[in-house]
Amino acid sequence: MIFAELTAFYQGEGARLAAPQPYRHYAAYLAQQDGEVAQAYWRDVLAEVEHKTPLPLAHQRAEQRAQEPAMQARTVTFSEEQTGALSAFAKRSQTTVNILVQGAWALLLSKYGGGSQVVFGSTTSGRPATLTGVDEMVGLFINTLPVVAKVEGETPVVSWLQQLHRTQQASEEYSHVPLHTLQQLAGMNAGLFDTLVIFENYPVDAIQTQTGAALPVEAVESVDITTYPMTLTARLDKTLVLKFEYQNTVLSEPGAAQLLAHLQQLLHLLSSPGDNTLRDIKRGMLSNQARKEIFTRSVGEQIHFPGARCFHHRFEQQVRRNGDAIAACHGPHTVHYAALNRRANQLAYWLIEQGVTQGQLVGIFAHRSIDVLCAMLAIMKAGGAFVCLDPVNPDERLTYMIEDAGMTHLIVDPACRMRIDTTAQLSLFDITQSATVLSDMPVDNPQVAVQGSDVAYMIYTSGSTGNPKGALVHHSGALNHIEAEFAKFGLTDEENALKKADFLQCAASSCDVSVWQFLAPLMCGGKTVILDEITDVHTMVSLIRQYQIDLVEVAPVVLQLLVSYLDSLTESQRQLPGLKYIMTTGEPTPVPLVNKWLNMYPLVPVMNCYGPTEASDDITYEITRVPLPAGTTRVSIGKPLPNLAILILDEELDLMPEGVAGELCVTGIGVGPGYWNNVAKTQASFVPNPYQHEPLMPMYSERLYRTGDLGYYDEHGNIELLGRKDEQIKIRGLRVELGEIEAALEAIEQVQQAVVVVKNNELGEAALCAYWTGEPGVTLTRKEFRLRLGQALPEHMLPVSYNQLEKMPTNAADKIDKFALPEPNFTSQQTYVEAQTETEAVVAELVAALLQLEVATVSLADSFFELGGHSILSVRLVSEIQHRFGVSVPLGFIFTLSDLRELAAEIDVLRPQQQDSAQFAQLTAESQTDTDELII
C-alpha cells in the first residue's frame, strides 16, 4: 500500500489518491466480534496440544554449537521449473504454495522428533476481508497464530493438504485473537511454539510494470525480525525462495544445512505424482545413499565366537582346562573350578529329583556369596532358569514375584529363609547346608538337553502397571554380551576365544550387571572376587590390589565414592597395578568424573556402557582413553557391540536421519524372548524387524526390541543418549517406572489421585517427588507415606517429597499438566524437634551438610531418608560419623532408624564401647553385614 502511494507521487499522481479508511474502523470491527465464540473455536483447535513441538536438532551437543548467541541465515532458491511444478500441484490439489510450505515444515518437524502432532506459528495479515477499505488502512494488523497439524502416516497427501487449507481458512475469521490469549487458553503461558513460518507474496514483476521508468525497481528484499529460535520465510514470485534463520545457540551450521536440504526434498516429494501417503513422503526424505550409510553405522562388527553356547556348558569346558584354578573368592573363602562344578552338579541333581524341568523358573533368595554362584550354575545345569530375588525388597513385593514367576522351588540362606511364609507352596533349600544334605548326590555333569536359545535367567524390573515385570534372557544372548565386550577390551585371541580375566563382583544379585560379574570370569578361566558392600571402597581397593583384579564395573555414583577415596590416599597407596578397565553403566557418567579418573589412572580406560536387560544387558560401548576436551557436556554411549544392530527409528519404525533423535531399537542375538507371563507387553516391545533382509543386518535379526530410550547418531557414528519417551527413569542406576509408584500411592486409602515426577533436589540429584490429592481435611506426613509405601516398594522407589494439592493442574485436554505442578517441598514435614544434646546437634549438622539443608530445618524427629538421603549418601554419613565421633555405626543400622534421635543415641552408646582400639577394630569387623542390596 505504501509502495503504491510512493509510486503514485513519483508519477505525479499523488493528488488523486483517495484518503484511506481510518484505523478506528478496525477497532470498531473488533468490538463487534463475539469473543466467546472466537475463544471456543481456538479452545477446540488447541484441545490436544500438551507441550511445545521440540526444536529440530536442538539436542545436539553444546560444543557443536556456537557459544556466542547470534542469528544465522541460509537461503535456497528453487528453479523456475521447480517453482512451476509446485504451483501446478497446488492448483490441481485445490490448495496454495503457502500450504505446501506449511505442510513440508509440519512433516519436517514431525520427522525430527515432533511425533504425530506438531505446532508451529504462522503469520497472518490480520486484515478481515469483510471490512470495507481494510487493504488501505494504516496500522498494526499482523498477528501470529498457531498451526496445529496432525501427521498420521496413512493419511493421503492431497486430502491432508486440503484439510490444512480448510483449517487455515476457518481460522481467518478468528485471526484477531491475540497470541497471548491463545497461550492462556492452551494453558501454556510459556509459549505454544518455537518455530515460525512466514509466507510472502510480493509480485516483483508487477511492481516493476506498475512503476515503469519513474521508479525502476532492481530487487525486492524483506527483513523480518522475530524472537523465535527458528524462522522459515518463503517468498514466491517467478521462483520460490526459502530463507531459514536460526539462533546459533540452538542449531549448528551443518544442522541448518541438513534441515534446509530435507525441507527441499519434502517439497519435491509433496508435489510428486502418485497416491502418496504422509508416511511415503517422510520415508522418501532419505536418499538410498543415506539409508545405506545409516545401516553401515548401525550394525556392530560381526564376530564368530568359539565355544559352547550355554553358560554351564562353557563353565564345564573351563573345568576340564582349569580344574585346579581358583574360580571364586569371598572373604576368607575360595573355591576351585573342579570343586565348584561338583557342588553345582549335586545341587542340580537334587533339583531334577525335586521335579525341576527344562525352562522352569527357580528362585534364589540369598545374600551374595559363593553359594549363590553355585546355585546359579546348578539351576542352569538342571535345565531351569534362575531368578535372583533382592533381599532389600519388602515382603509384599517378594511375595508378588514368587507368585508371578510360579516358583515351586526357592534356594535360600538362613537369614532370608526367616522371611518366607512357611505356609507358601514352596520347596525351600538352604544353600548353606548343601555339603551335608547333598553328599550322596552324583558329582558328574547332568546330561540335560539345553540349547543357546533356552532361557538362562529372569530379572524383575519396575513395571508401569503397578507391579514389577520379569524380563527373560537366553543363554546365547547373555554369552554374546560377555564375548562382545571381551572383544572390545582386547581380551580375545586370534581365534576370538576369551582370555583369562578376573572380575570384582559387587552388584546386587537381582540386576543384570551381577550376572556379568558372577559368570563372565568363569567363561574364560578367571576368578570372581565377591565384595560384600559395594560402597566399602576401602575393601574394594584392597581386593583390587590383592587379587590383581582386571575389571571393575560400577554405577557412576559408586565410582565417585571410589575416586574420592583414592584421591585421599598417597601416591603409593592408590596404585592399582593389575586393573585394566573401569566400566560405568546404569546412568549417564559425568564428564568431570571420567576426566578425574583418567588423570589419576591414565593407563586404565573408562568404558561407558548402555543396555537393557531385555537385550541381554549392554548393547553399546564407548572407550575413553584420554580426558575429554573442555566444553564436552556428556559421555557418549558409543557404538553397537558385535553381533548387534542398533537402529534409531520413529514411531512407525522408519529410519531417522543422522543427528535426529528417535527411539533406540536393537536387533541381533542379544534380543531376549520377552516378558514372563505378559503377552501384551511382549508384543508391544518385541516387534518384527522390518529391516531384517537388509544385506548388513546381523544374524538373528528377525525381531526388534524397542528400548523406549531416545537418542541419535552423531557425525562420528556414536550414539548420544537423551532420555526416555515414556515414564520410565533411572534412579542411582536402577530402572523405575513412575506408574508403579503412582499405583502404590493410589492404593493408600486416603489418596484419591497421585502423580510422580522427577525434580532436582538441593544436591542437584534426580529425586522422586509425589503430588497427591485427598478428601478435605485429610493429611499424611512424609513418615507415614514412607512407612506405607515401604511395604510394597524398595527404598530407591520411595519419593523424597510428598506434596498435597487441592486438585491436580490440568491442560486444555483435561489431562494432568505436570509442567504446571508447583515446586516440590524438600524440607521436613514433621513437627520440628530441636537437638537436646551435643551429639544430636552434631548429627543435625552432619546431615544438613550432606543434604545441603539449613541446620535449622533439620528436625531430630525425621529420619535421614525422610530428609532426602539415600543409600549412597548413607555411606558418607557413616564416614562422617567415624571422623567426628571416632565410632563405627553399622551401615545397615542407618536403614532401620525411625529418626535422627535414635542415631545420636546409638553413637552415645558406641562411644565408650569403642574407646579401646582393639575392641573398636573387632566391633567394626562384626558390623560388616552384607548390606550391598541396600545400596542401590
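Quick note: residue numbers are just sequence positions, from 1.
Rounded to the nearest 0.5 Å, atoms CG (Asp44) and CG (Leu185) are 11.5 Å apart. A distance of 5.5 Å separates NE2 in His474 from CD1 in Ile669, rounded to the nearest 0.5 Å. Taken to the nearest 0.5 Å, the CD1 atom of Ile281 stands 9.0 Å off from the CD atom of Gln265. With rounding to the nearest 0.5 angstrom, the CZ atom of Arg297 is 10.0 Å from the CG atom of Leu647. Between the CG atom of Leu641 and the OG1 atom of Thr620 there is a distance of 6.5 Å, given to the nearest 0.5 Å. Atom CG in Leu251 sits 10.0 Å away from atom CD in Glu253 (nearest 0.5 Å).
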As a quick check of understanding, evaluate side chain to side chain contact (heavy atoms under 4.5 Å, CB included) for Phe295 and Met697, giving each step before the final call. CA-CA 8 Å; Phe295 288 123; Met697 281 291 109; 3.9 Å; yes
Between Lys639 and Asn718, is a side chain to side chain contact (heavy atoms under 4.5 Å, CB included) present by the stated rule, with each step listed? CA-CA 5 Å; Lys639 295 178 170 62; Asn718 292 318; 2.7 Å; yes
Go through it in stages, so that I can follow the logic: the residues are Val76 and Leu263, the test is side chain to side chain contact (heavy atoms under 4.5 Å, CB included), and I'd like the CA-CA distance, side-chain angles, deciding distance and then a yes or no. CA-CA 10 Å; Val76 62; Leu263 185 62; over 6 Å; no
I would like to know whether Leu722 and Arg634 meet side chain to side chain contact (heavy atoms under 4.5 Å, CB included); could you show each step before the answer? CA-CA 10 Å; Leu722 298 177; Arg634 56 178 174 260; 3.7 Å; yes
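Relative orientation of the His176 and Tyr174 rings is tilted, given thresholds of 30° and 60° on the angle between their planes.
Nearest heavy-atom pair across Met699 and Gln302 is N-OE1, 4.0 Å. Taking each heavy atom of Met656 and Ala661 in turn, the nearest pair found is CE-O, 3.1 Å. Across Tyr112 and Gln258, no two heavy atoms sit closer than the pair OH-NE2, 3.0 Å. Minimum heavy-atom separation, Thr83 to Phe78: OG1-CB, 3.6 Å. Here the closest non-hydrogen pair linking Thr144 and Gly121 is CG2-CA, 4.4 Å. Between Pro229 and Val250, the shortest heavy-atom distance links the atoms CB-CG2, 4.1 Å.
Gln163 and Ser159 form no side-chain donor-acceptor contact under 3.5 Å, judged by distance and modelled atom types alone.
For the pair Gln168 (side chain) and Ile99 (backbone), a donor-acceptor distance under 3.5 Å is absent. Not one N or O on the side chain of Ser110 forms a donor-acceptor pair closer than 3.5 Å with the backbone of Ala106. Using modelled atom types, no side-chain atom of Asp709 and backbone atom of Leu664 make a donor-acceptor pair closer than 3.5 Å. A donor-acceptor pair is defined here as one N or O able to donate and one able to accept, closer than 3.5 Å; such a pair exists between the side chain of Asn643 and the backbone of Ile303. Ser272 contributes a side-chain N or O that, together with a main-chain N or O of Leu269, makes up a donor-acceptor pair within less than 3.5 Å. Listed for the Ser271 side chain is a donor-acceptor partner under 3.5 Å among the backbone atoms of Leu267. A donor-acceptor contact shorter than 3.5 Å links the side chain of Ser616 to the backbone of Gly670. Panel note: side chain Trp42, backbone Ala186; no donor-acceptor pair is recorded below 3.5 Å. Side-chain N or O atoms of Gln102 include none that pairs as donor or acceptor with a backbone N or O of Val147 at under 3.5 Å. At distances below 3.5 Å, at least one donor-acceptor pair connects side-chain atoms of Thr53 with backbone N or O atoms of Val119.
Contacts of Ala820 classified as side-chain contact (heavy atoms from CB on, under 4.5 Å), with partners at least two apart in sequence or in another chain: Pro809, Asp817. Here Phe686 pairs with Glu614, Val671, Tyr675, Thr682, Arg703, Tyr705 under the side-chain contact (heavy atoms from CB on, under 4.5 Å) rule; sequence neighbours left out. A search for side-chain hydrogen bond (donor to acceptor under 3.5 Å, both in side chains) contacts involving Gln184 returns nothing, not counting sequence neighbours.
Using a 4.5 Å cut-off on side-chain heavy atoms (C-beta onward), Ser171 and Val45 make no contact. Side-chain contact between Pro690 and Leu704: present, with at least one pair of heavy atoms (C-beta onward) separated by less than 4.5 Å. Counting only heavy atoms from C-beta outward, the side chains of Pro698 and Leu644 never approach each other to under 4.5 Å. A heavy-atom distance below 4.5 Å is found between the side chains of Ile619 and Pro612. Taking 4.5 Å as the limit, every side-chain heavy atom of Leu278 sits out of range of all side-chain heavy atoms of Glu152. Counting heavy atoms from C-beta on, the side chains of Glu245 and Met230 never come closer than 4.5 Å. With contacts defined as side-chain heavy-atom distances shorter than 4.5 Å, the pair Val118/Phe193 does not qualify. Within the 4.5 Å cutoff, side-chain heavy atoms of Leu649 are placed close to those of Leu655.
Within a 6.0 Å radius of CD in Gln169, other residues, nucleotides and ligands contribute more than 12 heavy atoms.
With respect to Arg235, the side chain to side chain contact (heavy atoms under 4.5 Å, CB included) criterion is satisfied by exactly one of Thr75, Leu242, Val241: Val241.
Taking the charged nitrogens against the carboxylate oxygens, Glu651 and Arg706 do have a contact shorter than 4.0 Å, which makes a salt bridge.
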